[in-house]
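One structure is given here, and the rest of the page talks about it.
This is a predicted model, so every value here is computed, not measured. Remember, it's 1-based here, ligands and their atoms both numbered in the order they're listed.
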Amino acid sequence: MCGIVGYVGHRDCVDFLLQGLRRLEYRGYDSSGVVALTHGGRMQTAKAAGRLDKLIGRLAHSPIHGTTGVGHTRWATHGPATDENSHPHIGGDGLLAVVHNGVIENFRSLKERLEAAGYIFRSATDTEVVAHLIASYWEQEHAATSLTAAEMVEQNYEPLVRCVRAALQKLRGTYGLAVVFRDFPDVVIAAKLGSPLVVGVGDGEHFLASDSSPLVGVTDKIVYLDDHEIAVITADTLRVLHRDLGEKPADVRTLALAAGEVDKGGYEHFMLKEIFEQPDTLCNTMRGRLKPDEATAHFGGLNLSPKELRSVRRIVLTGCGTSWHAALVGEYVIEELARIPVEVEYASELRYRNPPLDDGTLVFAITQSGETADTLAAMREMKRMGHTTLAISNVVGSSIAKEAHGGIYLHAGPEIGVASTKAFTSQCVALTMLGLYLGRMRHLSPVQGARIIDDLQALPEQVRAALACDEAVRQIADKYAQCGTFLYLGRQFNFPAALEGALKLKEISYIHAEGYPAAEMKHGPIALVDENTPSVFIVPQGAVFEKVISNMEEIKARGGPVIAVTCAEGAATIGDLADDVIEVPTVADFLQPIVTAIPTQLLAYYIALRRGCDVDKPRNLAKSVTVE
Ligand code: M6R
C-alpha cells in the first residue's frame, strides 16, 4: 500500500525511481509521481493518476532529470486518485517536496493552522500538511540564517534535520516519508514511524525504498530503519538519528534477495508463479526445522525456553485476511496435536477488545508482509497487556517481526501477487510444525510425532502432484467464469480452506463468493443456490466426508452446480453427484487445507484471467495494508 523510492548519487535518478516504482507496483496503488533535483536549483515533478505507464508516458514526452530525487506510488486514503493528489507534494512556494506512506491523523487541525498562516493547499491529501509544515519551519529557520548549500554541507545538514524533526513532532499518525529540498540538491531526508523504509548503500550513491524489492540488482547492502529514526542521505554519507538516542551507527546488513525472486520467471503473472513455487516454498519453510531423531520440530527464533513453552495454557492467533484463515487452520491443528486451547481473532477486532487472557497466554501475530497495521496494533496491545507475542511472518526485518518477542519466518520468498498463495500454505505448515513441537512437549508419543514428520516430509511432492490439476481447473474455470455468485463449503480442517478459496475468488475476479462450514449453509446461504450459483465443496476423504456428501446432496436437490475438490477415493464415492471433480492427492487430514488450496487458487486465477481482470493488481486492493 503506497510505495516510496529515492536516490542520491552520480546517475540520473529518474531511471532508478521508475524501475523502483515498477517493483513496488505489487503493493497496490492508483497514482504515481516523481521529483528530481538539479544543481541549478530546479526541482521538477511529474505525476499521473492511474497506472505507472501513464507517468512513464508523460516523462517520455516531457523528461525530467537530476541526480537526487524521490518517487511514490499512492493508494488513495485522503482524496481520490487524481494528478493533484498524487505525491510528491510541494511545501511552501516550491521549497521542498515530500512523499509519504501512512496516515496523518491530525492533518485537519494542522491544515487549518497552516492555511491561516498563508499556505495554499493544492490537494485533498494529509501528506501536503507535512510538506507545508516542514516548509514553515524552514522558512522560520532560513529567515534567521540564510545558509548557502556549502554552509549546509559544513553543518552536516543539521538545520534541515531540525526543521524535519520539528514537523514530525507535530504529527499524529504513521509515516514513512522522504523530503528533498530545492536549494540543497544533494540530500534526501527520510523518517519512519509505523511504515517501513530501507536504505540501500551503493558505491558513491544511496537508494531509499519502502521495501527491499527496488534494491534487488542495484545493491545488496541494506539498512532497515526503525521507528522514530531519521536518515540523512547523501551520495557518500548515511547518518541515522534516533529521536531519543541521538546519532547511531547505521546497521548495514546483507540483502539476501536475487533478481529471479522479484520477477515473473517466465510466468504470465506473479500469482501463477507463486502458486507453482509452492512445492519449493513449503520445503523452505520446513528446512532445518524437522528433527526426525526426536520426532519433533524445532524453531531457532521463538526465544522461549522449553520450560516456558510447557507452561503455555492458551494460544491466541491473530491476523487479517488470508493470514486469519491460516490462523483458523492453526486452531484446528494445534488443538488436535497439542491439546492447547486456541483462540483466533481478527487483528482489527483484537486491537479494540479487552479479552480476559490469563497468564500463560501466548499470542501469535500471523502476517505475510509483517507490516499490516491492524496486526501490528493488535500485537502491541497484547504486548502492553503483558502477554508474550510472537510473529509468524514472511518478511525478514518487517515491523511485526522486529517488535515481536520472537517468531517463525516462513522463508517463502517475496510474495508479489496481491492475492496471497504461497504465504498461506507456508503459514499452515509453520503452524502444523508448531502444533507438533508443542504436542511433543505434552502428550504426543514419539510414534505419533514420527508419523507427523513423515506426513510433512511427503507434503511438497504431494503439492507438486496437486498442481497437475492445472489444465482441468482451467476448463472448469471457463465453464463457470460468468457466474455471479459462488459458495465454498468445507468442514473441520477444510472450513478455513473454503473461506480462503472464496476470498481468492472475490479478490481477483470480483465475483461474489462466500465461504461457509458446509453444514451451516442450510441456515441461510442455501437461499442463494440456483442453477447459476456453483458450490465448490472442499471434501477430501476423512472424518467428515460422509457428512459433507449429505450437504452436497442438499445443494444438488436445489439445482445448484457442484464442483468437488477431493482425492481419488472421494471421487469414486461422489460419482455423478458433482458436476465437476478436481482430484488432489490423499494426505493426512490436518494437511488437507494445504493440498486443497492449490485447485482453489488456480480456479480463482483462471476465472479472473477469463474475465479479463488484472490478476496481480486487483482493483482497490493493496499488498500490505499499512493503514487501519
Ligand atoms: O501481510 P498480511 O498477511 O498481514 O496481510 C493480511 C491481508 O491483508 C492479506 O492476507 C490479504 O487478505 C490478501 N490480499 C489475501 O490474498
Side-chain angles (χ1 to χ4, degrees), residues 1-2 26-29 75 194-196 210-211 213 269-272 274-275 278 285 317-330 344-351 364-380 389-404 407-410 412-428 430-431 488 496-497 499-510 513 515 597 600-605 608 613-628:
M1 186 174 264
C2 298
Y26 79 96
R27 292 174 66 98
Y29 72 104
W75 187 87
S195 191
S210 49
D211 72 32
S213 56
H269 292 99
F270 281 108
M271 182 180 175
L272 192 62
E274 288 157 7
I275 291 173
Q278 290 174 102
T285 305
L317 304 175
T318 190
C320 303
T322 289
S323 295
W324 183 78
H325 295 157
L328 289 176
V329 173
V344 176
E345 182 62 280
Y346 283 117
S348 53
E349 289 301 309
L350 183 59
R351 65 186 292 185
F364 281 89
I366 303 175
T367 165
Q368 187 283 132
S369 62
E371 302 294 346
T372 302
D374 284 324
T375 310
L376 181 58
M379 188 181 89
R380 284 180 177 155
T389 58
L390 301 174
I392 296 181
S393 166
N394 193 33
V395 180
V396 175
S398 55
S399 303
I400 291 174
K402 279 199 293 197
E403 288 195 26
I408 303 172
Y409 279 124
L410 300 177
E415 191 179 68
I416 312 276
V418 164
S420 187
T421 52
K422 61 179 181 174
F424 172 71
T425 49
S426 283
Q427 287 166 338
C428 293
L431 287 159
Y488 283 72
L499 291 179
E500 175 59 9
L503 179 66
K504 287 287 88 77
L505 186 71
K506 58 190 146 196
E507 273 190 299
I508 60 170
S509 72
Y510 319 141
T600 58
Q601 293 167 353
L602 287 169
L603 186 64
Y605 174 79
C613 301
D614 189 344
V615 173
D616 282 336
K617 298 187 281 289
R619 72 181 180 206
N620 303 338
L621 293 179
K623 182 62 183 164
S624 68
V625 183
T626 50
V627 295
E628 184 172 353

Checklist entry - Do you see a donor-acceptor pair shorter than 3.5 Å between the side chains of Glu371 and Ser399? => result yes
Item to check | Heavy-atom gap Lys504 to ligand 1 smaller than 4.0 Å | outcome: yes
Next on the checklist: Check this for me - ligand 1, Thr322, N or O atoms closer than 3.5 angstrom, yes or no?
Outcome noted: yes
Checklist entry - So which heavy atom in the protein is nearest atom 7 (C) of ligand 1, and how far is it from that ligand atom? => result Cys320 O, 3.6 Å
Next on the checklist: Centroid separation under 6.0 Å, is that true for the rings of Tyr346 and Trp324?
Outcome noted: yes
Checklist entry - At what distance is the nearest protein heavy atom to atom 13 (C) of ligand 1, and which residue and atom is it? => result Glu507 OE2, 3.3 Å
Checklist entry - Would you say the side chains of Tyr26 and Asp211 form a donor-acceptor pair under 3.5 Å? => result yes
Next on the checklist: So, regarding Gly321 and ligand 1 (criterion: nitrogen or oxygen to nitrogen or oxygen, under 3.5 Å), is there a contact or not?
Outcome noted: no
Item to check | Per-atom contacts, ligand 1 versus Ala419 - under 4.0 Å to a heavy atom | outcome: 16 (O)
Item to check | Numbering as shown, the atoms of ligand 1 that approach Ser369 to under 4.0 Å (heavy-atom distance) | outcome: 1 (O), 2 (P), 4 (O)
Checklist outcome for this item: Taking only non-hydrogen atoms of Val418 and a 4.0 Å limit, the atoms of ligand 1 in range are 13 (C), 14 (N), 16 (O)
Checklist entry - Any nitrogen or oxygen of Thr367, main chain or side chain, under 3.5 Å from a nitrogen or oxygen of ligand 1? => result yes
Next on the checklist: Students should be able to answer this: which protein heavy-atom is nearest to atom 5 (O) of ligand 1, and at what distance?
Outcome noted: Thr372 OG1, 3.4 Å
Item to check | Minimum-distance protein heavy atom relative to atom 8 (O) of ligand 1 | outcome: Val625 CG2, 4.0 Å
Checklist entry - Have Thr372 and Asp374 got a donor and an acceptor in their side chains that come within less than 3.5 Å? => result no
Next on the checklist: With a 6.0 Å cut-off on the ring centroids, do Phe424 and His325 count as close?
Outcome noted: no
Next on the checklist: Between Gln278 and Thr421, do the side chains contain a donor N or O and an acceptor N or O under 3.5 Å apart?
Outcome noted: no
Item to check | Polar contact flag, side-chain donor to acceptor under 3.5 angstrom, Thr600-Glu500 | outcome: no
Next on the checklist: At less than 4.0 angstrom from any non-hydrogen atom of Ser323, what atoms of ligand 1 do you find?
Outcome noted: 2 (P), 3 (O), 10 (O)
Next on the checklist: Distance alone, cut at 3.5 Å: any donor-acceptor contact between the side chains of Ser509 and Lys504?
Outcome noted: no
